[in-house]
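Structure first, commentary second.
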Amino acid sequence: MKNLVSISDLSKDEIVNILDRAERFEACPVSRLMEGKVAASIFFEPSTRTRLSFETAVNRLGGRIIGFSEAANTSVSKGESLKDTIAMVSGYADIIIMRHPLEGSVRYASEVSRVPVVNAGDGSNQHPTQTLLDLYSIRKTQGRLDKLSIAMIGDLKYGRTVHSLLMAMSHFEPSFKFIAPEEMSLPEEYRKFLREHAIPFVEARDMNGNIDDVDIIYMTRVQKERFSEPMEYEKLKNTYTLRSAMLENTKPNVRVLHPLPRVGEIAADVDDNPKAYYFQQARNGVFARMAVICHLLGIKC
Ligand code: CP
């Protein structure tokens, strides 16, 4: 039984295979491949894109979906354990799509589930399906994944999409610029990962002068919900704002990505700049997630 808890659960070949399938789903987005199957979408933390694009993916594959978008309406509020919740849900559904605020909770769920479990985000740890749609978006806009230069900007400490993406890109000889204040800089475990994989990276505090030569500008939100001190969040929340004028000297084919939601880190005037790609990126999530579901359920397509 396959699960997708960390992006490292997938080999390079599996990643490429999922992206190729996603491309076929974009060309032909409706099928009956999941007919007779049920997916459970269980979200213990808020979501717009991940939950709705997974639900769209299941619908487009001809499957059915059950689930909840907040634990307050479930027996978790009466004290039911995660173990018992997963035991129940894995008796009802063929696949579980789960988001939870605690790092490691989805790995634990995968160990007690009788059906495949997909990590839809666990705390500040991993968000592997976001990574697949990010890779899909990068490949689609750049025509390749190999040898790209990527600037990651903002909350690199708590941003789980950053952690998953840098690990996935390690298969494709990237170079990175990490732009963050000291308080939100990349955790040491990921720096160690990059050094072990001989991936070049530099760290900087300022966006100016550091985005003009890259292929991808990956903006991130300061993750308010992960801060234990509200004042610390207030101090850091407006550290970076990308404006359209700042893209003037960037590469002609650079694209601005953001996992979204954004708060103040991308000004509205960027939306009309042809280098902005974050809304198309979010749409690509449907195709990537259709491909992930088929991969985990062993559906040939
Ligand atoms: N990118 C992302 O995970 O968005 P949601 O939190 O809206 O699902």
Side-chain angles (χ1 to χ4, degrees), residues 4-7 18-19 22 39-60 65 67-72 95-103 105-106 109 117-138 140-141 150 152-169 184 216-227 233 237 240 242 255-266 270-271 276-293:
L4 179 55
V5 178
S6 165
I7 196 67
I18 287 171
L19 301 186
S41 147
I42 58 170
F43 278 63
F44 297 82
E45 204 183 49
S47 167
T48 297
R49 278 146 292 275
T50 310
R51 188 171 67 81
L52 296 180
S53 63
F54 258 120
E55 293 188 6
T56 305
V58 171
N59 281 302
R60 293 231 188 270
I65 190 132
F68 53 84
S69 57
E70 50 181 327
I95 185 168
I96 297 175
I97 299 148
M98 173 176 163
R99 172 172 287 190
H100 199 286
L102 283 183
E103 291 84 7
S105 54
V106 184
V117 176
V118 191
N119 185 357
D122 64 327
S124 57
N125 185 32
Q126 285 269 316
H127 195 349
T129 63
Q130 176 70 44
T131 296
L132 289 163
L133 77 90
D134 291 345
L135 294 176
Y136 185 77
S137 301
I138 293 170
K140 194 172 163 71
T141 59
I150 300 177
M152 292 179 151
I153 301 166
D155 188 347
L156 311 185
K157 180 179 179 184
Y158 296 119
R160 57 195 174 199
T161 67
V162 167
H163 305 157
S164 296
L165 183 57
L166 74 82
M167 289 173 77
M169 284 304 298
M184 299 192 293
I216 293 291
I217 299 170
Y218 194 90
M219 299 297 297
T220 63
R221 174 178 66 92
V222 180
Q223 305 274 300
K224 183 180 181 182
E225 62 277 29
R226 314 272 175 239
F227 281 78
Y233 169 73
K237 69 179 183 187
Y240 303 111
L242 181 70
R255 288 294 177 272
V256 179
L257 269 57
H258 190 311
L260 302 177
R262 68 174 152 175
V263 183
E265 58 281 355
I266 300 181
V270 182
D271 295 358
Y277 193 73
Y278 30 91
F279 293 128
Q280 297 97 314
Q281 177 191 0
R283 182 173 177 271
N284 291 337
V286 173
F287 316 123
R289 288 174 172 128
M290 288 171 82
V292 166
I293 290 167

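On a predicted model such as this, the values are computed, not experimentally measured, just so you know. Read the numbers this way: they start at 1 and go in the same order the structure lists the ligands and their atoms.
Side-chain contact check for E103 and S124: at least one donor-acceptor pair (N or O, by modelled atom type) lies under 3.5 Å.
With sequence neighbours left out, the side-chain hydrogen bond (donor to acceptor under 3.5 Å, both in side chains) criterion links K237 to E234. For the side-chain hydrogen bond (donor to acceptor under 3.5 Å, both in side chains) test, residues two or more places apart in sequence or in another chain that qualify with Q126 are S6, S164. Every side-chain hydrogen bond (donor to acceptor under 3.5 Å, both in side chains) that E265 has, sequence neighbours left out, goes to H258.
Geometrically, R289 engages F54 in a cation-pi contact, judged by NZ or CZ lying under 6.0 Å from the ring centre and within 45° of the ring axis.
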Could you go through ligand 1 and note, for every N or O atom, any protein N or O atom closer than 3.5 angstrom, writing the atom names and distance to 0.1 Å, or 'none'?
unit_1	atom_1	unit_2	atom_2	d
ligand 1	1 (N)	Q130	OE1	3.0
ligand 1	1 (N)	P259	O	2.8
ligand 1	1 (N)	L260	O	3.0
ligand 1	3 (O)	T50	OG1	2.9
ligand 1	3 (O)	R99	NH2	3.0
ligand 1	3 (O)	H127	NE2	2.9
ligand 1	4 (O)	R49	NE	3.1
ligand 1	4 (O)	L260	O	3.3
ligand 1	6 (O)	R99	NH1	2.9
ligand 1	7 (O)	T48	N	2.8
ligand 1	7 (O)	R49	N	3.0
ligand 1	7 (O)	R49	NE	3.2
ligand 1	7 (O)	R49	NH2	2.9
ligand 1	8 (O)	S47	OG	2.6
ligand 1	8 (O)	T50	N	2.9
ligand 1	8 (O)	T50	OG1	2.6
ligand 1	8 (O)	R99	NH2	3.3

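Closest non-hydrogen pair, V270 versus L242, comes out as CG2-O, 3.4 Å.
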